[in-house]
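As structure tokens, the structure follows; a few thoughts come after it.
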Amino acid sequence: MKNFKTISSFILFSLLFVSCKSEVKSVDFKKITNNYFDEKNALNPLDATLNGQNEYNDQLQFEMTYSYRKKQADFFDKYESELTTVDFEKLSDEEKNSFDIIKWEVAVGKELLKQNANLMPLQQFWGTHLTMAQLAGGESAQPFKTEKDYKNFIKRMDLYATWIDSAMVYMKKGIDRGVILPKVLSTKLLPQFSDMITKKTEDNLFYTTVKSMPASFSEAQKETIKQEYTTAIQEKLIPRFQKMVAFLKSDYIPASRTTSGIGSLPNGNNLYKVYVKQWTTTEMTPDEIHNLGLKEVARLKSEMEKVKAEVGFKGTLKEFFDYVRNKAELKPFKKPEEVIANFEKIHAIIKPNVDKLFSLQPKTPFQIKRTEAFREKTSSAEYVQGAADGSRPGTFYVPIPNVADYNFYADEDLFLHEAIPGHHFQISLQQENKELPNFRKFNWFGAYGEGWALYTESLGKELGLYKDPYQYFGMLGSEMHRAIRLVVDTGLHSKGWTREQAIQYSLDNEAESEASIISEIERYMAIPGQALSYKIGQLKIIELRKKAEKELGNKFDIKKYHQIVLESGVMPLALLEKKVDNWIKSSK
């Protein structure tokens with residue numbers, strides 16, 4: 001994708017460059033990429049911690065504030081300017097990718113800053129308040145091995161207390177300007193804060209790591225940490241949690257809107273278009289995506305009809321959805337541990353077959369864990385990347401809020417997507433690639449990353465899975481789920497659909513449980529555009545594979561194709577297409 005806005009200024013700069021060429025020094029592009037990464041981390045210290053950049057572990061961004069947005073604007077202006085000093089044609093192919101990625105990120109970042117989404121700093125699905133709680137549990141990315149580690153998190157807790165104050169200030173501004181969450185979402189915030197209020201300090205989530213301090217700590221060190229954490233929790237955090245709960249009840253929830261999509265907000269249609277661009281990395285319009293979704297839903301329905309016939313079900317497809325949702329044999333587990341064990345079994349089945357499709361495989365270790373209790377009720381299954389140095393494994397988190405109702409018909413497909421060869425392969429290989437500058441090792445584009453993960457779901461039969469028709473139906477159901485997202489996300493945010501319309505459309509077209517569908521629709525309401533990335537990216541990767549197979553014929557090598565797609569990490573889809581096209585030409 002090209003950014004045509006800078007063409008005229010680029011031409012002007014080129015003329016100036018030629019006129020004073022003798023005065024211009026050689027530019028160190030590697031230094032630019034290194035500085036870009038460092039300054040990005042400083043702006044996003046929670047992301048830095050999640051990526052294993054531990055020098056930022058005592059910091060916290062105040063992303064909703066105007067002062068923070070000014071820092072972002074200065075950052076974007078600086079790197080937009082620095083790129084104009086680089087001779088693009090003298091860069092290596094990978095450096096050209098880096099150049100284009102920085103250029104793309106800066107352009108979209110500047111567009112986002114023109115919007116007022118900072119007046120909605122909280123939502124129930126993800127964000128600073130949920131990340132802080134996850135880090136506090138001591139089993140995530142924040143290390144708790146040394147006294148300095150504990151001191152770092154104390155500083156972060158202090159900042160978090162102030163962050164909550166800032167969030168309320170900007171939420172009040174949002175109320176005044178009509179930029180506010182739907183009521184159905186704002187009510188979901190209540191337990192996320194009220195559950196953090198405990199009578200006993202020792203029962204507080206933020207005290208968890210104090211109970212498991214390293215044995216190497218002296219008694220004096222332990223006592224100091226206990227006192228500091230107790231003071232932070234009792235005098236700073238709990239009072240803020242109480243204040244937020246009171247504010248939500250008295251001010252925010254009563255003022256929350258009854259509409260479902262951000263298109264109903266002031267300038268909401270423009271905000272959604274920027275989100276669509278950010279998440280798909282394309283220039284597609286909401287209407288184009290909506291119509292594409294309708295076509296994909298129709299195509300997948302016909303495939304589902306074939307499975308329905310294969311298992312001998314005589315009713316309608318919608319009746320078959322209900323049958324699959326409620327089939328007792330697909331809910332066999334009695335204990336949460338049995339769900340995890342089933343995923344371990346799936347892992348064991350595919351291991352011998354992965355070599356047939358992938359010559360490039362990661363070294364980063366991998367594990368499967370149940371999602372933590374404090375966020376399990378509102379979470380989807382997810383992958384959290386490991387540390388680049390291998391010190392922390394990549395983790396596939398599985399929420400099991402009610403094991404008796406856990407339907408495993410799509411678990412083979414889910415494992416391929418979230419774990420291997422989906423997110424774990426893609427993210428780990430990206431982090432391990434020493435040829436990439438650091439900002440790319442730890443970068444993320446949803447269309448590429450989620451598109452890759454969805455593409456890998458189609459590899460199940462080649463990996464020894466989908467022998468059970470219900471598991472294959474699970475794969476079709478998961479792809480249908482992503483096709484439906486194209487329809488309901490654009491429906492909610494650009495066509496004025498209600499939450500209930502979106503829920504009904506999903507119920508009519510997929511086999512997910514009603515509770516799961518409601519949670520999903522509310523997720524799309526909270527993070528507009530993100531749900532589009534999966535299918536848009538998957539369709540592009542499939543399109544490029546078919547193109548390579550057609551043009552290369554018997555020279556096509558699936559291992560090589562996967563290497564070409566994976567080796568350079570995430571990038572906007574137009575850059576991926578350019579990379580694959582260059583490989584096809586060179587292979588001929």
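Numbering of residues begins at 1 and proceeds along the displayed sequence. Keep in mind that what you see is a predicted model, and the values were worked out from it rather than measured. Only heavy atoms go into these numbers, but all of them, side chains included; no hydrogens, no water, no symmetry mates.
Taking all atoms of both residues into account, the shortest heavy-atom contact from Val488 to Ala502 is CG1-O, 3.9 Å. Between Gln115 and Arg69, the closest heavy-atom pair is O-NH2, 2.5 Å. Of all heavy-atom pairs spanning Arg392 and Ser140, the tightest one is CD-O, 3.9 Å. A pairwise comparison of heavy atoms in Ser98 and Phe29 identifies CB-CE2, 3.9 Å as the closest pair. Nearest heavy-atom pair, Phe445 versus Glu105, reported as atom, atom and distance to 0.1 Å: CZ-OE2, 3.7 Å. Residues Ile521 and Ser506 approach most closely at CD1-OG, 3.8 Å, considering heavy atoms.
For CG of Asp389, the number of neighbouring non-hydrogen atoms (other residues, nucleotides, ligands) closer than 6.0 Å is greater than 12. No more than 12 heavy atoms of other residues, nucleotides or ligands shown are found within 6.0 angstrom of NZ on Lys377. Lys71 NZ: 12 or fewer foreign heavy atoms inside a 6.0 Å radius. Few gaps surround CD on Glu55; more than 12 heavy atoms of other groups in view lie less than 6.0 Å from it.
In terms of modelled atom types and a separation under 3.5 Å, the side chain of Arg257 and the main chain of Gly261 share a donor-acceptor contact. Within the 3.5 Å criterion, the main-chain N or O of Gly422 finds no donor-acceptor partner in the side chain of His417. The closest donor-acceptor contact from the side chain of Thr395 to the backbone of Tyr397 lies at 3.5 Å or more, if one exists at all. The closest donor-acceptor contact from the side chain of Tyr561 to the backbone of Val580 lies at 3.5 Å or more, if one exists at all. A donor-acceptor distance shorter than 3.5 angstrom exists from the side chain of Tyr252 to the backbone of Leu181, with no hydrogens or angles considered. Counting only distance, with no hydrogens or angles, the side chain of Gln59 and the backbone of Tyr56 share no donor-acceptor pair below 3.5 Å. The closest donor-acceptor contact from the side chain of Asn433 to the backbone of Glu567 lies under 3.5 Å. Under a 3.5 Å cut-off, the side chain of Ser478 and the backbone N or O of Gly474 do form a donor-acceptor pair. When atom types are taken as modelled, the side chain of Thr490 and the backbone of Val487 share a donor-acceptor pair closer than 3.5 angstrom. Between the side chain of Gln123 and the backbone N or O of Trp126, at least one donor-acceptor pair lies under 3.5 Å.
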Exercise for the section: Kindly indicate, with the supporting measurements, whether the criterion side chain to side chain contact (heavy atoms under 4.5 Å, CB included) is fulfilled by Asp77 and Lys110. Expected result: CA-CA 9 Å; Asp77 286 343; Lys110 294 184 89 162; 2.8 Å; yes
Exercise for the section: With side chain to side chain contact (heavy atoms under 4.5 Å, CB included) as the test, would you mind laying out the steps for Phe99 and Lys103 before giving the verdict? Expected result: CA-CA 6 Å; Phe99 181 100; Lys103 184 178 178 181; 4.2 Å; yes
Practice task
Let me see the working for Leu292 and Ile536 under side chain to side chain contact (heavy atoms under 4.5 Å, CB included), right down to the final yes or no.
Solution key: CA-CA 9 Å; Leu292 175 62; Ile536 297 299; 3.9 Å; yes
Exercise for the section: Show your working on side chain to side chain donor-acceptor pair (under 3.5 Å) between Thr364 and Gln431 and close with a plain yes or no. Expected result: CA-CA 9 Å; Thr364 303; Gln431 290 186 165; 5.3 Å; no
Exercise for the section: Kindly indicate, with the supporting measurements, whether the criterion salt bridge (Lys or Arg N to Asp or Glu O under 4.0 Å) is fulfilled by Asp287 and Lys495. Expected result: CA-CA 9 Å; Asp287 276 350; Lys495 294 186 176 296; 2.9 Å; yes
Practice task
Could you go through the side chain to side chain contact (heavy atoms under 4.5 Å, CB included) check for Asp100 and Phe88 one step at a time?
Solution key: CA-CA 10 Å; Asp100 285 335; Phe88 183 78; 3.9 Å; yes
Problem - Criterion side chain to side chain donor-acceptor pair (under 3.5 Å) on Gln430 and Gln385, from CA distance to verdict - result: CA-CA 11 Å; Gln430 176 175 305; Gln385 71 262 40; over 6 Å; no
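Annotation: side chain of Ile484 is not in contact with side chain of His481 (no heavy-atom distance under 4.5 Å). Annotation: side chain of Ile101 is in contact with side chain of Pro572 (closest heavy-atom distance under 4.5 Å). Under the 4.5 Å side-chain criterion, counting only non-hydrogen atoms from C-beta, Val570 is not in contact with Glu450. Contact of the Leu265 side chain with the Met120 side chain is registered, since non-hydrogen atoms from C-beta on lie closer than 4.5 Å. With a 4.5 Å cut-off on side-chain heavy atoms, Lys277 and Val274 do not count as touching. When side chains are defined from C-beta on, Glu94 counts as touching Ser568, because their heavy atoms get closer than 4.5 Å. Contact annotation: the side chain of Phe396 never approaches that of His423 to less than 4.5 Å [non-hydrogen atoms, C-beta and beyond]. Residues Thr281 and Tyr448 form no side-chain contact, since every pair of their non-hydrogen atoms from C-beta on lies 4.5 Å or further apart.
We find that Lys540 and Glu543 are joined by a salt bridge, their nearest charged nitrogen and carboxylate oxygen being less than 4.0 Å apart. For the pair Glu296 and Arg299, the salt-bridge criterion is met [side-chain N within less than 4.0 Å of a carboxylate O]. Using a cutoff of 4.0 Å between basic side-chain nitrogens and carboxylate oxygens, Lys70 and Asp74 are scored as salt-bridged. Between Glu520 and Arg485 there is a salt bridge, since a side-chain N of the basic residue sits under 4.0 Å from a carboxylate O of the acidic one.
Note that CG of Leu429 and CG of Leu360 are 4.5 Å apart. Values are rounded to the nearest 0.5 Å. From Ile427, atom CD1 reaches atom CH2 of Trp444 across 4.5 Å, with rounding to the nearest 0.5 Å. Separating the CG atom in Leu185 from the CE atom in Met525 is a distance of 4.5 Å, to the nearest 0.5 Å. Atoms OG1 and CE, from Thr128 and Met132 in turn, are 9.0 Å apart once rounded to the nearest 0.5 Å. A distance of 8.0 Å separates NZ of Lys188 from OG of Ser519, quoted to the nearest 0.5 Å. The structure places CG of Asp413 at 9.0 Å from CD of Glu479, a figure rounded to the nearest 0.5 Å.
Geometrically, Lys173 engages Tyr170 in a cation-pi contact, judged by NZ or CZ lying under 6.0 Å from the ring centre and within 45° of the ring axis. Geometric assessment of Arg545 against the ring of Tyr455 yields a negative cation-pi assignment under the 6.0 Å and 45° thresholds.
Between the side chains of Asn443 and Lys40, at least one donor-acceptor pair of N or O atoms lies under 3.5 Å.
Classification of the Tyr36-Phe75 ring pair by plane angle, with boundaries at 30° and 60°, yields parallel. Under the 30°/60° scheme for interplanar angles, the aromatic rings of His129 and Phe193 are found to lie parallel.
For the pairing with His424, the ring-ring contact (aromatic ring centres under 6.0 Å, His included) check across Phe358, Phe415, Tyr383 returns one residue only, Tyr383.
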